[in-house]
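Report on the following structure.
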Amino acid sequence: MRYLFFSLLVISAIGLFAVPQAFADHDEITIENAIGSSTPGCEETADGCFIPSVVVLAKADTVVTWENNDTAAHTATSGSPSDGPSGVFDSSLIMAGGSYSVTFDEAGTYDYFCMVHTWMSGTVIVGDGG
């Protein structure tokens, strides 16, 4: 019985570390621009143009940072390519090697895109997404 308990404890601990960053219950998360995302095609891959492209945050007051590891400048702009910017946040140009951070204070679903490369889009869901 003791071995069963310790086995379950170890498996649970491993599970905690194996959870992908796309589901965050901590106070910070990082989204990276996919390398080569300045050329169309990344939107058709499993990872998308922003990695991860959908982030689910367990609570408000979480900082999301976009890191530009690509060679081209990008933006992280709330809204969508079809409707345009929503005005919730806008990074302006994030140069190669740069970053931009936003603190999400309220539950909700926040779509975003790159204004320079409109095929790049993602979603941040905070709390229940309401």
Side-chain angles (χ1 to χ4, degrees):
M1 186 70 160
R2 182 192 307 173
Y3 294 114
L4 176 63
F5 173 75
F6 285 116
S7 296
L8 291 174
L9 185 62
V10 169
I11 290 169
S12 297
I14 291 170
L16 287 174
F17 294 108
V19 173
Q21 191 179 16
F23 298 94
D25 62 355
H26 43 78
D27 295 335
E28 295 183 33
I29 189 164
T30 300
I31 299 171
E32 297 181 15
N33 291 98
I35 304 246
S37 55
S38 60
T39 335
C42 59
E43 71 280 9
E44 297 172 11
T45 65
D47 290 331
C49 304
F50 292 102
I51 302 173
S53 61
V54 176
V55 175
V56 180
L57 308 174
K59 60 182 175 144
D61 297 324
T62 300
V63 177
V64 175
T65 299
W66 283 266
E67 287 185 354
N68 185 4
N69 298 321
D70 194 21
T71 57
H74 295 283
T75 74
T77 305
S78 63
S80 69
S82 58
D83 296 332
S86 68
V88 177
F89 61 89
D90 181 18
S91 65
S92 297
L93 285 178
I94 306 170
M95 303 311 283
S99 65
Y100 169 74
S101 297
V102 172
T103 300
F104 288 88
D105 296 324
E106 296 182 22
T109 300
Y110 302 89
D111 293 323
Y112 65 92
F113 68 109
C114 175
M115 289 184 59
V116 181
H117 311 101
T118 56
W119 55 86
M120 298 177 64
S121 62
T123 304
V124 174
I125 302 168
V126 181
D128 63 9

Task: Nearest-0.5 Å distance, OG1 of residue T71 to CE of residue M95 - done: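 These two atoms lie 11.0 Å from each other.
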Open item on the list: Could you measure the distance from the CG atom of N68 to the CD1 atom of I35? Nearest 0.5 Å is fine.
Closed with: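 Between atom CG of N68 and atom CD1 of I35 there are 9.0 Å.
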Closest non-hydrogen atom pair between [X] and [Y], with its separation:
{"X": "S38", "Y": "A72", "answer": "CB-CB, 3.6 Å"}
{"X": "N69", "Y": "E32", "answer": "ND2-OE1, 3.1 Å"}
{"X": "T62", "Y": "E28", "answer": "CG2-N, 4.0 Å"}
{"X": "I94", "Y": "S99", "answer": "CG2-N, 3.6 Å"}

Task: Student check: side-chain heavy atoms of N33 and F50 closer than 4.5 Å - done: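 With C-beta onward as the side chain, the pair touches.
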Task: Side chain proximity check, L57 to V64, heavy atoms < 4.5 angstrom - done: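 Yes. Closest side-chain heavy atoms under 4.5 Å.
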Check the hydrophobic clustering (I, L, V, M, F, W, Y; side-chain heavy atoms under 4.5 Å; chains of links allowed) and say if [X] and [Y] are grouped together.
{"X": "I31", "Y": "M115", "answer": "no"}
{"X": "V102", "Y": "M120", "answer": "yes"}
{"X": "V55", "Y": "Y110", "answer": "yes"}

TODO: Only pairs at least two apart or in different chains count here, so list each disulfide bond (SG atoms under 2.5 Å apart) that has a residue in residues 50-115.
DONE: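 Sorted pair list comes back empty.
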Open item on the list: I'd like to know whether T75 forms a side-chain contact (heavy atoms from CB on, under 4.5 Å) with W66, so could you lay out the CA-CA distance, the side-chain angles of the two residues, the decisive distance to 0.1 Å, and finally the verdict.
Closed with: CA-CA 9 Å; T75 74; W66 283 266; over 6 Å; no
- [ ] Could you list all the side chain to side chain donor-acceptor pair (under 3.5 Å) pairs where at least one residue sits in residues 112-121, not counting sequence neighbours?
- [x]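 Sorted pair list: H74-H117.
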Expected list for residues 39-46: side-chain donor-acceptor pairs under 3.5 angstrom, two or more places apart:
unit_1 : atom_1 : unit_2 : atom_2 : d
T39    : OG1    : G36    : O      : 3.4
E43    : OE1    : G41    : N      : 2.8
T45    : OG1    : C42    : O      : 2.7
T45    : OG1    : G48    : N      : 3.1

Tabulate below the donor-acceptor pairs under 3.5 Å that side-chain atoms of residues 85-93 make, not counting sequence neighbours, or state none.
unit_1 : atom_1 : unit_2 : atom_2 : d
S86    : OG     : S78    : OG     : 2.7
D90    : OD1    : T77    : OG1    : 2.8
D90    : OD1    : S92    : N      : 3.2
S91    : OG     : A76    : N      : 2.8

Task: Qualifying residues under side chain to side chain contact (heavy atoms under 4.5 Å, CB included), relative to D83, sequence neighbours excluded - done: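 D83 satisfies side chain to side chain contact (heavy atoms under 4.5 Å, CB included) with S80 only.
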